[in-house]
*Asks:* 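A single structure is presented below for examination.
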2 protein chains.
Amino acid sequence: MFKTEIADCTMEWLRCLRKNGYRLTAPRKAVVEIMASSQYILTPTDIFTLARERYPKLGLVTVYRTIEKLEELGLLQRVHRPSDCQGFIAAYQGHQHMLICQKCGLVQFFDGDHDGINDLMKDVETQTGYKINEHWLQLFGVCKKCRQKNN
Amino acid sequence: MFKTEIADCTMEWLRCLRKNGYRLTAPRKAVVEIMASSQYILTPTDIFTLARERYPKLGLVTVYRTIEKLEELGLLQRVHRPSDCQGFIAAYQGHQHMLICQKCGLVQFFDGDHDGINDLMKDVETQTGYKINEHWLQLFGVCKKCRQKNN
DNA sequence: TTTTATGCAAAGTATTTGCACGGGA
DNA sequence: TCCCGTGCAAATACTTTGCATAAAA
């Protein structure tokens with residue numbers, strides 16, 4: 001049920017970009033290197049700052065444009081949180097949901113094809129007459145490490 | 001499990017504002033009248049346009065400021081959707097979740113204290129070591145009316 | 001060599017803030 | 001009357017677009 005391995009998919013992402021007709025440029029590589037290995041939700045500005053350490057000439061606009069492409073290819077997904085919705089994180093295969101640490105921002109994925117959810121959706125369909133096409137489930141909490149650290 | 005009644009909470013909201021030390025002004029009333037009875041997700045601009053029909057001198061800034069207060073008082077909640085997160089809708093008592101029609105935007109509420117969800121959260125807590133504090137569950141689909149109308 | 005990608009600057013959106021005036025209580 | 005609330009204008013953020021240059025293939 002859980003994806004705990006921290007795979008660095010940089011090579012895979014670069015291959016995917018090339019396969020889809022995109023050129024492999026230094027700025028793109030810098031952004032991909034950051035995002036393909038991060039377990040944290042990053043905003044375009046965060047990405048810009050981090051990727052600049054690898055490629056100082058990088059412009060913020062290129063970050064936006066690269067995010068757009070990676071999202072199109074299903075490699076990156078936008079994350080919605082109560083306070084902001086500009087965060088991005090690597091998208092995992094299949095139907096995945098997130099558990100987000102409210103202290104450190106660490107993200108853990110779990111899949112949503114749990115019987116409970118399916119039962120709930122069936123109930124809701126029957127009772128409302130809606131045809132349900134999509135569901136969003138996101139959990140917020142405090143991770144193991146943060147719980148041990150303080151209070 | 002479902003809240004199907006379409007209660008117009010205008011009076012209740014106005015009472016709540018006054019109880020919390022806010023003045024009952026014409027612009028605020030116009031915004032409250034729109035939001036307290038809407039079953040649809042509205043953006044600040046939508047609210048502005050609609051409330052202007054009732055109070056033409058209304059400024060967009062006042063809409064933002066009123067939304068802020070209503071949100072603070074727990075009367076209004078922000079709704080996140082794949083494409084945008086600037087929508088608002090009346091917040092219902094207790095732990096509520098939304099089922100949103102992808103065609104017409106009609107929103108139906110249901111409560112999330114379903115056994116399935118609780119079981120899932122317990123599983124996730126055990127397996128990850130996280131302490132879960134909050135969950136977001138939102139369903140997207142097509143409502144009865146829209147399904148009957150076209151295709 | 002050809003064509004895509006980049007970075008800068010400028011233009012759009014969305015939202016917030018400063019401030020003098022107006023209207024609720 | 002007193003003070004909060006309002007609308008305007010300006011400021012701030014965030015994101016997208018136009019365009020000449022740079023670099024991938």
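Here the structure is a predicted model, which means the values were calculated and not measured. Any value given below was found using the heavy atoms of this structure, including those in side chains, with hydrogens, waters and symmetry copies removed. Chain A is the first sequence line, chain B the second, and so forth, proteins listed ahead of strands; every chain is numbered from 1.
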*Asks:* Quick one: F48(A) CZ to dT15(D) P, roughly how many Å, whole number?
*Replies:* 13 Å
*Asks:* Nearest to the side chain of T25(B), heavy atoms from C-beta on, is which of dT6(C), dA5(C), dG24(C)?
*Replies:* dG24(C)
*Asks:* Does L137(A) belong to the same Ile/Leu/Val/Met/Phe/Trp/Tyr cluster as L106(A), with side-chain heavy atoms less than 4.5 Å apart forming each link?
*Replies:* yes
*Asks:* Compare the minimum distances between each of dT15(D), dT15(C), dT4(C) and the side chain of R23(A), then state the nucleotide with the smallest one.
*Replies:* dT4(C)
*Asks:* For dT15(C), does OP1 or OP2 lie under 4.0 Å from any side-chain N or O of Q86(B)?
*Replies:* yes
*Asks:* Assuming nearest nucleotide by heavy-atom distance, tell me which of L24(B) and R78(B) is located more 5' along DNA chain C.
*Replies:* R78(B)
*Asks:* Please pick, from dA24(D), dG7(C), dT15(D), the nucleotide with the shortest atom-to-atom distance to any side-chain atom of K57(A).
*Replies:* dG7(C)
*Asks:* If each of Y55(B) and Y55(A) is mapped to the nucleotide of DNA chain D with the nearest heavy atom, which maps nearer the 5' terminus, i.e. the 5' end?
*Replies:* Y55(B)
*Asks:* Can you tell me how far P of dA14(C) sits from CD1 of I67(B), to the nearest Å?
*Replies:* 13 Å
*Asks:* dA25(C), dT15(C), dA5(C): which one has an atom nearest the side-chain heavy atoms of R28(A)?
*Replies:* dA5(C)
*Asks:* Find the distance D84(A):CG to dT15(D):P and express it as a whole number of Å.
*Replies:* 10 Å
*Asks:* Distance check needed: dT15(C) P versus L60(B) CG, whole Å only.
*Replies:* 9 Å
*Asks:* To the nearest Å, how far apart are N20(A) CG and dT4(C) P?
*Replies:* 15 Å
*Asks:* Look at the side chain of P44(B) and decide which nucleotide, out of dC8(D), dT15(C), dT6(D), has an atom nearest to it.
*Replies:* dT15(C)
*Asks:* Can you pull out every ring pair (Phe, Tyr, Trp, His ring centres under 6.0 Å) where at least one residue sits in residues 48-89 of chain B? Sequence neighbours excluded, please.
*Replies:* H80(A)-H80(B), H80(B)-W136(B)
*Asks:* Distance check needed: dT15(D) C1' versus E68(A) CD, whole Å only.
*Replies:* 11 Å
*Asks:* Do L73(B) and W13(B) sit in one hydrophobic cluster, given that two such residues count as connected whenever their side-chain heavy atoms are within less than 4.5 Å of each other, even indirectly?
*Replies:* yes
*Asks:* Rounded to whole Å, how long is the line connecting atom CG of L14(B) with atom P of dA25(C)?
*Replies:* 11 Å
*Asks:* Side chain of T62(B) only, heavy atoms from C-beta on: which candidate in dG7(C), dT6(D), dT15(C) is closest?
*Replies:* dT6(D)
*Asks:* Would you kindly give the CG-to-P distance between L17(A) and dT4(C), to the nearest whole Å?
*Replies:* 16 Å
*Asks:* Heavy-atom distance under 4.5 Å between the side chains of M98(B) and F109(B), does that happen here?
*Replies:* yes
*Asks:* Counting only distance, no hydrogens or angles, is the base of dT16(D) paired donor-acceptor with the side chain of R65(A) under 3.5 Å?
*Replies:* no
*Asks:* Measure from the side-chain heavy atoms of Y64(A) and tell me the nearest of dC14(D), dT4(C), dG7(C).
*Replies:* dC14(D)
*Asks:* How would you list, by chain and number, every residue that makes a side chain to side chain donor-acceptor pair (under 3.5 Å) with E33(B), sequence neighbours excluded?
*Replies:* R54(B)
